[in-house]
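Worksheet: one structure, shown below.
Source: prediction; values computed, not measured.
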Amino acid sequence: MLIDSHCHLDYFEAAELTDVLERARAAGVRGMVTISTRLAQAATLTWLAAAHPGVVWATVGTHPHSAGETEVAAPETIAALARAPGVVGIGESGLDYFYEHSPREAQQQSFRAHIRAARLADVPLVIHTRDADEDTARILREERADGPFAFLLHCFSSGRALAEEAVANGGYVSFSGILTFPKSNELREIARDLPADRLLVETDAPFLAPVPHRGRRNEPSYVAHTAARLAELRGVSAEAWAEQTTVNFHRLFRRAL
């Protein structure tokens with residue numbers, strides 16, 4: 001069975017969510033994490049987790065796109081929200097210099113606050129990073145000086161150096177449907193070479209549907225295509241790879257029961 005380690009179930013209409021979850025189950029997806037992009041979503045996402053116990057889990061946090069919308073929350077505030085039932089992580093937070101919907105300074109302040117909150121709450125941090133490899137690595141290094149914290153680079157599309165540094169410092173890396181895109185050869189090489197025990201799979205639904213569904217709305221059931229492509233790259237069976245990534249998921253997200 002597979003775990004979709006990163007999706008956004010709040011983007012789906014309530015009336016269709018039952019069918020989305022059923023298609024996921026039929027595709028061998030035993031669970032999924034619905035990810036926060038704004039702290040104001042906390043009540044909605046924890047309700048989704050409570051409505052589907054053991055199948056849906058949630059995070060709390062502020063996406064870098066939203067980092068400039070309000071004052072950066074204190075780490076203690078974020079950590080308190082993360083203690084709600086069904087919440088297994090903090091994020092997604094990080095840096096996005098491709099779109100820069102929020103000022104870089106606000107993104108960096110928010111990123112640091114979420115790192116500190118993850119340490120306080122003792123849950124993993126889900127990191128979004130795009131076109132910001134150097135600053136992401138630098139901030140992770142600086143914040144580790146105050147103590148360790150668990151983290152995941154989600155929807156990885158950055159360079160090899162960031163992936164290898166993350167793994168060397170206890171982090172995990174998750175691959176999305178981008179891995180299946182025709183022009184993602186460099187990304188596939190990175191995914192092939194990283195340690196098996198540090199890899200997860202995800203959809204980032206409703207975005208980035210994998211081949212053969214590219215161009216359609218993504219959903220958790222499609223994580224099976226990404227997992228199968230990754231298994232092929234690494235020369236193992238899809239079943240063995242599903243087991244490996246599920247073990248990895250539960251090692252990182254220890255509250256996901």
Quiz item: cation-pi between Arg214 and Phe181, 6.0 Å / 45°: yes
Checking side chain to side chain contact (heavy atoms under 4.5 Å, CB included) against Leu140, which of Asp135, Ile115, Asn169 comes through? Ile115
Does Thr129 use its side chain to pair, donor to acceptor, with the backbone of Thr136 at less than 3.5 Å? no
Does the distance from a Lys or Arg side-chain N to an Asp or Glu carboxylate O, for Glu165 and Arg141, drop under 4.0 Å? yes
Taking Arg130 for the side chain and Leu95 for the main chain, is one N or O donor matched with an acceptor at less than 3.5 Å? no
Relative to each other, are the rings of Tyr222 and His213 parallel, tilted or perpendicular (30° and 60° limits)? parallel
Okay, side chain of Glu143, backbone of Arg112: is any donor-acceptor separation there less than 3.5 Å? no
Salt bridge Glu134-Arg138, side-chain N to carboxylate O under 4.0 Å: no
Report yes or no: does Ser110 contribute a side-chain atom to a donor-acceptor pair with the main-chain N or O of Ala106 at less than 3.5 Å? no
What I want to check is whether the side chains of His8 and Asp204 have a donor and an acceptor closer together than 3.5 Å. yes
What is the ring orientation for Phe151 with Phe149, classed by angle as parallel under 30°, tilted 30 to 60°, or perpendicular over 60°? tilted
Any ion pair linking Arg116 and Glu76 (charged N to carboxylate O, less than 4.0 Å)? no
Going by the rule ring-ring contact (aromatic ring centres under 6.0 Å, His included), which residues pair with Phe207 if we only count those two or more places apart in sequence or in a different chain? Tyr11
Whether the side chain of Ser102 engages the backbone of Gly68 through a donor-acceptor N/O pair (distance < 3.5 Å, no angle test) should be reported. yes
Closer than 3.5 angstrom, by distance alone: can the side chain of Gln41 be matched with the main-chain N or O of Thr37 as a donor-acceptor pair? yes
With heavy-atom distances below 4.5 Å as the criterion, would you say the side chains of Arg198 and Asn248 are in contact? no
Do side-chain atoms of Ser184 reach the backbone of Thr180 as a donor and acceptor pair under 3.5 angstrom? no
Any heavy-atom pair between the side chains of Val87 and Leu81 that's under 4.5 Å? no
Would you mind reporting whether His114 and Glu92 have side-chain heavy atoms less than 4.5 Å apart? no
Steps toward salt bridge (Lys or Arg N to Asp or Glu O under 4.0 Å) verdict (Arg38, Glu69): CA-CA 10 Å; Arg38 292 176 174 85; Glu69 293 178 353; 2.8 Å; yes
Report yes if the side chains of Asp19 and Phe12 come closer than 4.5 Å at any heavy-atom pair, otherwise no. no
4.5 Å side-chain heavy-atom contact, Leu153 and Ile127: yes
Donor-acceptor check, side chain of Arg251 to backbone of Asp197, threshold 3.5 angstrom: yes or no? yes
Is Ser36 reaching over with its side chain to a backbone N or O of Gly61, donor-acceptor style, under 3.5 angstrom? yes
The salt bridge (charged side-chain N to carboxylate O under 4.0 Å, His left out) partners of Glu232 (sequence neighbours excluded) come to Arg229
Could you tell me whether the side chain of Glu202 and the main chain of Val223 form a donor-acceptor pair under 3.5 Å? no
